[in-house]
Amino acid sequence: MNLLEYALLAGLFYGLYFALVGVGLNLIFGVMRIINLAHGDFLMLGAYGAFYLYHLLGWNPLWAIPIELVVFLLIGLPLYYLLVPRLQKSGDPEMLSFILFFGLSQVIEAAAVFVFSNNQRSIPASVFGGAPINIAGQVFPVSWIVSAAVGLAGIGLIYAYLYHSRPGRATRAIMAERSEAAATGISVNRISALAFGIGIAAAALAGIFSPFMIGAIEPSMGIGITVISFAIIVIGSLGNPIGTLLGGLIYGEALMLMQTYLASWSELLPYVLLILILLVRPTGLLERAVRSA
Amino acid sequence: MSPDTEPVLEVEDLHKHFGGLKALDGISFCIAPGEILGLAGPNGSGKTTCINAITGVFGLDSGAIRFAGKTINRLPTYRRVRLGINRSFQVPSPFLGLSVMENVTVASVYGGNKKRDPDHILEITGLAQIKDRLAGSLNSSQQKLLDLARALATDPRLLLVDEIGAGLNPNELARMTDQLRALAAQGIALLVVEHLMDFLDRVTDRIVVMDAGKELFSGQLYEAAEDPRVVEAFLGG
Amino acid sequence: MLRKLVLRVVLAAVATAVSLGAWASPSVIKIGTLYASSGYFSQASTRQYDGLKFWVRQINAKGGVYVKAFGKRIPVKLIAYNDQSSTMLAASLYNRLITQDRVHTLVADYGSVLTSVAVPLAQEHRIVLFDETGTSGKFFRPENRNRYIVLTGLPTSSQWPKVLAKFMHSKGIRRVAILYAANDWSGSQAKTLNQTLKQDGVDVVYFHSVPDSTTSYSTILHSIAEYKPEAVAEFGYSDNDIAFVQDYANSGLYFPMVFIPNPALHFEVVRKAVGNKALRYIYSYVAPPIIRYNREVTYGPTLNEFKAAYAKAGGKNVDLSTVAGFNTGLIIQKALATAPKFTQESIRDAIDKFSGKIFTLDGLFKVNRYGAQVGEFLPVGQVLPTKTGVALKAVFPSESAVAKAVYPAPRNK
Amino acid sequence: MVVAITVLAYVFIPYGYNNQFLLFNMMMYMALAQGLNIIYGYTGYLPFGYVGFFGAGAYGSALVIIYLHWSPFPAVLLGGLAAVLVGMLLIPLFRLSGAYFSIANLAAAEALYYIIANPHLASVTQGPYGISLPQVYDPNAAYWTMLAILVFALILSGLMRRSRFGLALGAIRENPVSAEMAGVNVVRSRAIAWLLSAFIAGVSGAAFGWYISVFYPETVFSLSITVFAIVFVLFGGSGTLLGPLVGTLVLYGAYNYIGISTPQYFQLTYGLLIILLVLFLPSGLTSLLRKRGIDVP
């Protein structure tokens, strides 16, 4: 019983964090119908950013948050104009973007090997201070709680952006119907570029906490994280950033339960979940509810 | 009844819903060989859904579709095509990356009847001159003709024509009208879906008017124009 | 079939030419090897390559390696390609070394995975494979009837935990949990520990594998704690170990003994990743250079001499891989110096002759008929606090020990 | 013609050039690129988990050699059948379109890898400990087997281009709904192309496993195998017979000659190449010829 409680609570923390891991991919997909296969690689870059800020300057990873949000937003905007509009003019943007971003992922990974070398890096979890925290009779590392809190805050901010800001509302209009949004005078390119930047910044933000939740940082970690993120957003429902929260929670809980009771098969989880959901409900679990809301 | 007047297609009490929407709600009609039946109705009244049901794009909730006396409800699309049902699309959908000739050849090879010579089909649809061009390079009225040619290459006994008049100029419209009449004269049954009444007027006498998945009216075209329910549906729709 | 026959004839002709050529002294001894500058094994592989390169430089400074068959020193030429940690590429490159570069001696890349593809190739082409760290038991099975492989460094991985099991027994540990990552190297250690402990009458209360790529161990640690083990042994690659120790340190859980293998292989990598605090009182194996063979050494430099010379030459961070690379050079050197003929068979027989009789900075060199290393063994060590931080020190068995094990580990470390 | 030149090349090059494994790999990638071409070039579905068939083939044949003591030739065929079996299990994925299909297929390949590598199944698959086949080791025989597989793949791919079946696949790629309206049995045609494609990958994997005779799950399920095959097809031009051959020849050749001296630039170059291809030359090298009115087989 004790174990079950632990697994469920741990799953909650993981779920909140993994929602953040997936949300950027989903935002970009929702707005541009593009699968950013380099998603995990941006997360990896975010992780290295936090690592170097910590190891060279001694800065707490929390300081990396504002810095990386700005930096990655600034990386995302020009990247959008460089790649996306050209893609969307082509015959099959969804498929071609898939291949193109795979190429980008390879470039980022190779460049990361040059710059960061292959050595595994990590940030000691003790940076957030002392003793583990006791919640409901169970003990959890502080780093988990911080990561989960940042995850929740990140999703919250994206929600606020989408539902309570002018560019956010325009973003939702584009998600609903790109051509009609353009017809009503929304600057589709500008809003999409912004969404692209936010998506990448969200990945980097998740990267800051990856040493505590995902494991050692290394240049080749990206593709695996992309697949997990994809599973999460498909579970939550594609193109619906807020649905990612549900996807993350389901993934987190399932992972922790698997690790507790069937550890050796736990690696199969994202893949099996992904295939099942795609086959049974390709629109994701939340789709109906969100449509009627 | 003599074989000639026996309907080639009978649809009976079709029902289909998508989510909460009732797309087909008990529609019935039949068509005889060589007959042209108009299917009219406002946007969203279920006309195209009707065509999709007959060609087997999706299954029905209930109802029966009989083709040449045989119930075909459960047959997959390509089997229905090989039996002799075909259609043109509202938005023409040829194989853009294949040549005009290849477009027609696929259909004549797989469509069930090899006696239809692709060259002949291209001749009668007026596409013979451009048979080596890629379908993607044609203009939209040529694509419509190609769509029709692809359908004819399967040697259909029933042709479902979906909004083929839209976007054609008066000349092209006149030619299309002749073309459809000529097909009917060969004994092909035609179901012409159109929300433009004047185009229907030129090709057919008998029409069915649909609204919200139901039959609103069935009879002669000139009577329909005087039927208050039809007038209301069109104005209100 | 005809083509196959033709090919056979050609191959035979080539083989004859090579063995005839063996009687004429070559101008250089070509040693072929691979290394990985990128990918999974790059870290250890480059170190190992550095060690071998260092040996080549040293021996060439003396005018080359002494070849008994020709009664003179001949310079060594190292031909090395980068396999980027890909077995597929490695297979192609080993092939190239053997068939195009016609190397006289073949040295494998780091680890079992990158060595694996060289084993059948070397056997087919009848060239002795000097296997530095490919410790998988399946390379050395008697039924392979393979004489063309020699494991120069560590014993086969399944031998590693034998001393560990004795240590646990000696401390009166009754309940042990074993967790391992699903790969050949980790799995074979876990299997051996499990069997040895059971023979000693120790309860293995938990014996489970996790996927290779597992990097989150908190939940698993809690499941393990349910079984109340006195010792937990985790076997995995370094990223598994790093995540395991980090998660253990943050879990609030306590076990009297925790063992992981990687500090023995690359202590600094693990220490930098997890920090001193988390690593304190953790057990591992100890291997050179942490275990310093100086007095015992009968062939080549002592460990201290090696470290000094290596540092002087500008090398830094000597770890087990560096020593293994250098040691391979020493074994090749000894083999060439004693083989009466310059043929692969003669070299292999020479190795059997001096097997068990030389002690290098890597330990006692002793191989069995099928090339498996049986001389070296791995003592147990513990990470203990020092004035400047932490250090891994041998604690068992007593003849190797330089410090006393702190068992059980202090609770609030 | 193309087939004849290829065969002659692989028959005679070994006499002048010794790195047989490089030639073997080249043949293997050419076969894989053709196999991928059959499903991607002719139907438009891009299987990102194509390596799953390769691994299934390698394991399928290795296991019957180990446990049932089959001789290698039937074992290679069985490897192909094992891949076909996996392909059949994955047919429901065709309900997904475009990128969803690709990702789901990748997930399926990864899942298969984790199942095979799982220590619980070590008594069947040898789990993470890998496979070793010293009893049948014979690289020359495996070499000729691979050549036969390549010829098979080339002939198949060539037939696809000329036959009515190839035309039907082309129609499906362009527009599945219209293809159905042309009387094409879309589901069955696509499944046949899919299983043929899986079979080629399966026998290639089996021949590869036989050739190297020692391998681990990660060797034969390595994502880079898919990536190479995709890049070779894209570079040469999908939907043609020549494109994947040229793509493999140029890029794999470059990989082995430039790549080995300065490998650190390689992943970078490959990545950039993919990006540039998609942006500027989405139909590959052969499309340059076609634009000039030269017919490419």
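Nothing here was measured: the structure is a model prediction, and the numbers come from that model. Scope of the values below: all heavy atoms of this structure, side chains included, with no hydrogens, waters or symmetry mates.
- Ranked by heavy-atom pairs shorter than 4.5 Å toward chain D, the options L269(A), L104(A), I35(A), V113(A) are led by L104(A).
- At distances below 3.5 Å, not a single donor-acceptor pair connects side-chain atoms of R190(D) with backbone N or O atoms of T43(D).
- The contact between L100(A) and chain D is made by backbone and side chain atoms together, counting heavy-atom distances below 4.5 Å.
- The aromatic rings of W194(D) and F53(D) stand perpendicular to each other, their planes meeting at an angle above 60°, with 30° marking the opposite boundary.
- Heavy-atom distances place both the backbone and the side chain of I99(A) under 4.5 Å from chain D.
- In this structure, chain A has no heavy atom under 4.5 Å from any part of L90(D).
- Listed options V227(D), L277(D), L276(D) were ranked by heavy-atom pairs under 4.5 angstrom with chain A; first place goes to V227(D).
- Put simply, the side chain of S105(A) never gets that close to the backbone of F101(A): no donor and acceptor are under 3.5 Å apart.
- When side chains are defined from C-beta on, N189(A) counts as touching P85(A), because their heavy atoms get closer than 4.5 Å.
- No donor-acceptor pair closer than 3.5 Å links the side chain of T244(A) to the backbone N or O of G236(A).
- Top candidate by heavy-atom pairs under 4.5 Å with chain A, chosen from P92(D), S102(D), A108(D), is S102(D).
- Of the residues considered (L223(D), L46(D), I274(D)), I274(D) shows the highest number of contacts with chain A, using heavy-atom pairs under 4.5 Å.
- Heavy-atom distances place both the backbone and the side chain of L83(A) under 4.5 Å from chain D.
- Proximity to chain A is absent for every atom of F94(D), based on heavy atoms less than 4.5 angstrom apart.
- I223(A) touches chain D through its side chain: at least one heavy atom from C-beta onward sits under 4.5 Å away, while N, CA, C and O do not.
- In this pair, F18(A) and Y14(A) present their aromatic rings parallel. The plane angle is below 30°, not in the 30 to 60° band.
- Proximity of the aromatic rings of F48(D) and F102(A) is defined here by a centroid distance below 6.0 angstrom, and this criterion is met.
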